[in-house]
**Q** 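The structure that follows is given in the form of structure tokens.
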Amino acid sequence: MPEITLPDGAKRHFPTPVSGAEIAASIGPGLARAALAMRVDGELQDLSRLIEQDAAVTFITRRDEAALEMIRHDCAHVLAEAVQALFPGTQVTIGPAIENGFYYDFARNAPFTPEDFPAIEAKMREIIARNAPFARSVRPRDEAIAFFEAKGERFKAELIRDLPESETITFYSQGDWVDLCRGPHMRGTGDVGPAFKLMRVAGAYWRGDHRNPMLSRIYGTAWRDTAELTAYLHQLEEAEKRDHRRIGREMNLFHIQEEAVGSIFWHPHGWTLYRAVEAYMRRRLDAAAYQEVRTPQLVDRSLWERSGHWEKFREHMFIAIVEDEDKTLALKPMNCPCHVQIFNHGIRSYRDLPLRMAEFGACHRYEPSGALHGIMRVRAFTQDDAHIFCTQDQVATETAQFVALLADIYRDFGFESFRVKFSDRPERRAGSDETWDRAEGSLREACAMAGVDYELNPGEGAFYGPKLEFVLRDAIGRDWQCGTLQVDFILPERLDALYTAEDGTRRRPVMLHRAILGSFERFLGILIEQYAGRFPLWLAPVQVVVATIVSDADTYAETVAAALRRAGLRAETDTGREKINAKIRTHSLRHVPVLLVVGRREAEAGLVAVRRLGVEAQPIISLDEAVQTLATEATPPDLRSPSIG
RNA sequence: GCCGACAUAGCUCAGGGGUAGAGCAACUGAUUCGUAAUCAGUAGGUCCUCGGUUCAAAUCCGAGUGUCGGCACCA
């Protein structure tokens with residue numbers, strides 16, 4: 001007689017065995033209707049599973065987060081059944097729930113197209129209306145493999161073969177349709193509900209490996225109810241509006257064209273934004289005792305051979321052949337080898353360490369064509385790169401200082417939170433285990449010192465050392481790695497970097513490769529999306545437009561703009577013959593943060609009407625006051641005095 | 001790189017085997033106007049490129065290039 005403990009602490013006894021559904025029914029008809037699944041001692045299970053021993057049971061209803069995941073998972077099963085019903089001969093593979101929805105990968109000669117969606121969705125609704133119960137069954141391994149092979153489902157058979165011997169092999173059926181699945185599921189297909197939509201088709205490699213066949217993936221979204229679905233679709237539309245490629249065009253920031261794929265043509269306003277970020281970064285690095293350098297774009301092959309890039313990175317490099325001199329040069333894909341050259345030029349003492357060498361280094365990498373994405377993923381980009389040459393003892397302190405600097409800079413750009421991934425030793429690596437123990441240990445210690453929480457990213461470190469990756473999320477929910485910090489023991493060795501220690505011996509420095517923005521191009525893309533083009537005043541390409549109401553105010557408008565420019569503000573005038581309504585609309589759509597409206601009254605009295613983006617209030621103040629206020633407000637965050645905040 | 005979709009005016013898009021269409025933007029003229037679109041007119045296109053089918057191709061077919069969505073790769 002199992003004793004069942006409910007969330008409120010109440011205990012109930014049932015004849016052995018008892019199903020979750022029976023327990024729910026014994027509590028009340030409302031719960032019996034609402035319960036979709038249960039947690040038994042914390043483990044999510046089908047409601048139909050039998051409980052034979054004492055356990056704590058919690059019921060999952062549609063409101064629970066766990067239910068949402070089950071709706072999506074179950075919806076993937078419904079999709080698979082629908083597809084196999086409509087397209088005989090299609091093999092099923094895997095179909096998990098993911099953020100905001102689910103997908104299912106199918107193997108089929110002809111891939112699906114979005115035109116297939118209406119028919120598939122209709123079939124899915126049929127299956128959901130039928131409300132076939134999800135029934136779990138356990139099968140012996142050999143039988144399970146034979147079952148799928150008999151059906152010609154070789155991917156499923158392969159999956160089972162690769163499961164560990166200890167794994168229980170479970171099947172779930174929904175009516176006549178059966179799938180290999182770990183579960184759990186809700187009561188039946190009807191619990192999926194109506195709030196789903198197929199979104200797109202995509203290719204995906206079997207088991208995520210590009211050497212495997214490509215499957216046809218169908219992505220879908222699914223929610224608790226149609227209101228949630230509608231809200232999600234609306235959110236997607238909003239995200240689309242802040243896409244940096246769209247805003248870049250609308251605000252005339254940059255363009256890319258076929259003759260320079262993966263490289264950016266920065267227009268005046270875009271370049272202004274770029275320069276504002278660059279100037280800010282330069283001040284921050286100066287203040288943090290970095291030394292800025294500049295190193296060559298084209299470097300002879302021999303240096304890349306020594307650094308190891310020619311061997312490890314060759315396929316990502318642009319090569320330039322100089323026929324007259326019989327030389328092979330490469331556009332630099334990274335700055336580190338060049339920085340070591342500067343380090344090596346002359347004799348270094350331990351007194352020089354830590355030596356922080358920074359460069360806004362323009363790099364070129366031959367990225368796969370399919371990876372290119374607006375200005376976020378390009379082939380020509382500029383890193384806010386630096387290499388810290390230090391002793392092993394200094395690694396922890398330098399790391400802590402770096403993370404503090406990075407967090408402060410992200411905050412200045414409006415990013416309050418970011419994720420940190422700690423990538424530790426990969427399978428293929430250089431250096432001894434002791435070295436790795438030390439490197440990882442000091443990095444962990446540094447994270448603790450800086451109060452950094454990280455998630456472990458096992459085996460993803462660089463071959464020369466562990467790294468931290470700092471990840472920001474864009475408007476459409478995509479993650480972008482921006483900052484990085486890598487501990488390197490290898491390059492100083494390969495390029496023979498040395499310093500003289502206190503005891504007169506020659507020693508190898510450790511190199512910390514680090515970047516905060518990552519690349520200006522990517523970071524600006526993220527920034528554009530973060531602010532949806534409505535930049536804070538210090539970053540806005542055009543900070544102020546002086547707009548006239550009547551042509552009698554034209555001269556005054558020029559005076560106002562000149563005064564603003566003298567105060568360091570980026571100001572334009574609009575003395576066109578449009579009505580003020582039209583001017584306000586035009587500049588609002590361009591996301592100009594401040595409009596100074598001047599008519600006859602303002603011109604005569606030396607005043608301006610201040611209209612801020614999206615705000616209808618229009619205080620009228622003196623020109624002097626406006627210049628002063630705006631200049632203060634436009635001060636970059638690192639130059640503000642604390643009292644002003 | 002792989003799978004799929006797409007490519008028409010500066011932008012957003014319609015059309016479709018036989019003079020290329022709209023709205024917005026641009027330009028010209030009129031309007032001098034008080035906080036998110038004043039009115040009228042003008043101009044603007046090798047319908048991505050190259051081949052093929054056809055009496056005729058922007059339209060159909062093929063190849064290429066680019067873009068977009070994924071996958072793989074990655075700052």
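In this text the structure is predicted, and so the values were computed from the model without any measurement. Convention: sequence-line order gives letters A, B, ...; per-chain numbering from 1.
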**Q** Given atom CZ of A:R211 and atom P of B:rC71, what is their separation to the nearest angstrom?
**A**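 After rounding, the gap between these two atoms is 18 Å.
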
**Q** Side chain of A:E616 only, heavy atoms from C-beta on: which candidate in B:rG1, B:rA75, B:rA36 is closest?
**A**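 Among the listed nucleotides, the one closest to the side chain of A:E616 is B:rA36.
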
**Q** Indicate whether any N or O donor in one side chain lies under 3.5 Å from an N or O acceptor in the other, for A:D105 and A:T93.
**A**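 Judged by distance alone, the side chains do not pair up.
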
**Q** Is it the case that A:H269 and A:N252 place a side-chain donor and acceptor less than 3.5 Å from each other?
**A**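 No, no side-chain donor-acceptor pair sits under 3.5 Å.
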
**Q** Counting only Watson-Crick pairs (N1-N3 plus N6-O4 or O6-N4) and G-U wobbles (N1-O2, O6-N3), all under 3.5 Å, who is the partner of B:rC47?
**A**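 When the pairing criteria are applied, nothing turns out to pair with B:rC47, so the answer is none.
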
**Q** Does A:R577 place a side-chain N or O at less than 4.0 Å from the phosphate oxygens OP1/OP2 of B:rG29?
**A**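 Result: no.
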
**Q** Which nucleotide wins on minimum distance to the side chain of A:F381, given the candidates B:rU38, B:rA75, B:rU12?
**A**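 In terms of side-chain proximity for A:F381, the closest of B:rU38, B:rA75, B:rU12 is B:rA75.
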
**Q** Without hydrogens or angle criteria, can the side chains of A:Y280 and A:R282 be said to hold a donor-acceptor pair below 3.5 Å?
**A**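 No donor-acceptor contact under 3.5 Å links the two side chains.
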
**Q** Specify the separation, in whole Å, of atom CG of A:N457 and atom P of B:rC74.
**A**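 From A:N457 CG to B:rC74 P: 12 Å.
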
**Q** I want to check one thing: is the phosphate of B:rC68, taken as OP1 and OP2, less than 4.0 Å away from some side-chain N or O of A:R245?
**A**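 A:R245 to B:rC68 OP1/OP2: side-chain N or O found under 4.0 Å.
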
**Q** Please state whether the rings of A:H316 and A:F313 are parallel, tilted or perpendicular, taking 30° and 60° as the class boundaries.
**A**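 Tilted, since the angle between the ring planes falls between 30° and 60°.
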
**Q** Is there a Watson-Crick or G-U wobble partner for B:rA26 with both distances under 3.5 Å, and if so, which one is it?
**A**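 Looking at the geometry, B:rA26 pairs with B:rU42.
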
**Q** Nearest-Å distance, NE2 (A:H373) to C1' (B:rA75)?
**A**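 Atom-to-atom, A:H373 to B:rA75, this comes out as 14 Å.
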
**Q** Please work out whether B:rU54 sits syn or anti, treating a glycosidic angle within 90° of 0 as syn.
**A**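 Here B:rU54 takes the anti form, which means its glycosidic angle is more than 90° from 0.
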
**Q** May I ask you to evaluate whether A:R246 reaches the phosphate of B:rC68, defined as a side-chain N or O under 4.0 Å from OP1 or OP2?
**A**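 No, outside the criterion.
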
**Q** Mind checking if A:Y103 touches a base, just sugar-phosphate, or nothing, with heavy atoms under 4.0 Å?
**A**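 Here A:Y103 touches no strand at all.
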
